[in-house]
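So the structure is just underneath, and the comments pick up after that.
The basis for the numbers below is simple: all heavy atoms, side chains too, and nothing from hydrogens, waters or symmetry mates.
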Amino acid sequence: MWVEITPDDGPSELRRKASTVRPSPRQVSWQRQELTAFVHFGPNTFTGLEWGTGLDDPAVFDPSGLDCGQWAKALAGAEFRSVILTAKHHDGFCLWPSRYLEHTVAASQFRGDVVAELATAAGAHGLAMGFYLSPADLHQEKAPGGYYGNGSPVVESVIPTLVEGDDRASLVASGELPVFIMSLTTTTGSI
């Protein structure tokens with residue numbers, strides 16, 4: 001609910017207007033969750049660094065004893081109602097295997113899918129699930145062949161970008177899955 005405040009509103013009018021503000025049903029639902037866990041897990045867990053560089057070797061990510069079911073069970077037992085996983089932090093490392101990026105669990109010793117495992121475990125324990133994806137990506141900025149801020153050329157992007165053996169190719173060919181083309185122009189700075 002929006003309440004307009006004007007420069008002419010005095011203290012009593014401000015109090016009256018403030019007393020009319022009510023949370024939306026969505027805000028009430030969020031507040032009723034009371035406890036949400038925020039799980040930050042990635043290469044830094046194994047390097048001991050507070051901030052990832054984006055150039056960390058994916059091989060350092062090796063959660064040999066990973067048990068997302070244990071995480072979810074512990075969170076549900078502590079009466080958490082939801083969990084948010086940092087699926088990609090600013091270092092650019094993705095906790096799921098991606099068909100588009102190499103800086104992921106697929107390049108690590110683990111070779112699993114933390115995102116899928118935690119989502120399944122959260123559902124099994126009645127927890128809502130959310131994901132944090134950092135818009136910053138130091139790997140793309142600093143790694144050779146990266147896309148941002150490193151002098152790489154402006155290129156046209158097609159969404160979805162199909163790769164060899166892509167299971168969505170027939171959907172794109174039939175038009176069932178739409179294709180979007182974006183061109184980033186350096187002269188206007190817009191998409």
Side-chain angles (χ1 to χ4, degrees), residues 23-143 145-148 157 159-169 171-172 177:
S24 70
R26 187 171 166 225
Q27 290 170 322
V28 171
S29 175
W30 173 257
Q31 289 298 318
R32 287 190 174 146
Q33 286 189 48
E34 294 185 12
L35 291 173
T36 297
F38 197 100
V39 177
H40 193 289
F41 183 61
N44 293 12
T45 306
F46 302 92
T47 64
L49 295 173
E50 182 176 355
W51 292 97
T53 66
L55 299 175
D56 300 315
D57 183 352
V60 302
F61 185 78
D62 189 14
S64 57
L66 180 67
D67 183 353
C68 291
Q70 183 269 333
W71 293 1
K73 181 179 179 182
L75 293 171
E79 298 185 4
F80 281 82
R81 296 206 176 98
S82 60
V83 57
I84 297 171
L85 174 67
T86 302
K88 181 184 85 69
H89 204 233
H90 72 270
D91 61 4
F93 186 79
C94 300
L95 294 181
W96 73 94
S98 170
R99 66 177 88 211
Y100 302 110
L101 305 169
E102 294 179 11
H103 198 60
T104 75
V105 291
S108 73
Q109 301 297 312
F110 175 61
R111 298 185 192 272
D113 186 337
V114 180
V115 171
E117 288 186 34
L118 185 54
T120 299
H125 289 278
L127 297 169
M129 183 78 209
F131 303 99
Y132 173 82
L133 300 166
S134 174
D137 189 328
L138 290 176
H139 182 73
Q140 290 298 336
E141 179 183 331
K142 295 181 177 191
Y147 298 112
Y148 311 109
S157 296
I159 301 171
T161 303
L162 300 179
V163 296
E164 187 176 333
D166 200 308
D167 58 345
R168 301 165 302 163
L171 296 173
V172 169
L177 181 61

For [X] and [Y], which heavy atoms make the closest approach, and how far apart are they?
| X | Y | answer |
| --- | --- | --- |
| Leu127 | Leu75 | CD1-CB, 4.0 Å |
| Pro97 | Thr104 | CA-OG1, 3.9 Å |
| His103 | Pro58 | ND1-CG, 3.8 Å |
| Gly54 | His139 | O-ND1, 2.7 Å |

Residues forming a side-chain contact (heavy atoms from CB on, under 4.5 Å) with [X], sequence neighbours excluded:
| X | result |
| --- | --- |
| Leu177 | Pro160, Arg168, Leu171, Val172 |
| Ser29 | none |
| Pro63 | Phe41, Phe46, Phe61, Leu66, Phe110 |

If you round to the nearest 0.5 Å, how far is [atom2] of [Y] from [atom1] of [X]?
| X | Y | atom1 | atom2 | value |
| --- | --- | --- | --- | --- |
| Leu85 | Tyr132 | CG | OH | 12.0 Å |
| Tyr100 | Leu162 | OH | CG | 6.5 Å |
| Asp137 | Cys94 | CG | SG | 7.0 Å |

**OP:** Could you check Asn44 against Glu50 for side-chain contact (heavy atoms from CB on, under 4.5 Å), going step by step and ending with a plain yes or no?
**Re:** CA-CA 7 Å; Asn44 293 12; Glu50 182 176 355; 5.9 Å; no
Tabulate below the donor-acceptor pairs under 3.5 Å that side-chain atoms of residues 115-122 make, not counting sequence neighbours, or state none.
{"unit_1": "Thr120", "atom_1": "OG1", "unit_2": "Ala116", "atom_2": "O", "d": "3.0"}

Original post:
Is Arg81 close to Leu35 at the side-chain level, that is, under 4.5 Å between some pair of heavy atoms?
Top reply: no
Original post:
With sequence neighbours left out, what residues match Ser82 under side chain to side chain donor-acceptor pair (under 3.5 Å)?
Top reply: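 Only Gln33, Thr36 meet the side chain to side chain donor-acceptor pair (under 3.5 Å) criterion with Ser82.
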Subject >> side chain to side chain donor-acceptor pair (under 3.5 Å) against Arg99, all qualifying residues, sequence neighbours excluded >> reply: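 Applying side chain to side chain donor-acceptor pair (under 3.5 Å) to Arg99 gives Asp166, Asp167.
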Original post:
Do any pairs count as a side chain to side chain donor-acceptor pair (under 3.5 Å) and have a residue in residues 84-96, sequence neighbours left out, and if so which ones?
Top reply: His40-His89
**OP:** Return each pair, listed once, that meets salt bridge (Lys or Arg N to Asp or Glu O under 4.0 Å) where at least one residue sits in residues 31-49; pairs must be two or more places apart or across chains.
**Re:**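 Found none.
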Subject >> salt bridge (Lys or Arg N to Asp or Glu O under 4.0 Å) contacts in which one or both residues fall within residues 54-66, not counting sequence neighbours >> reply: none
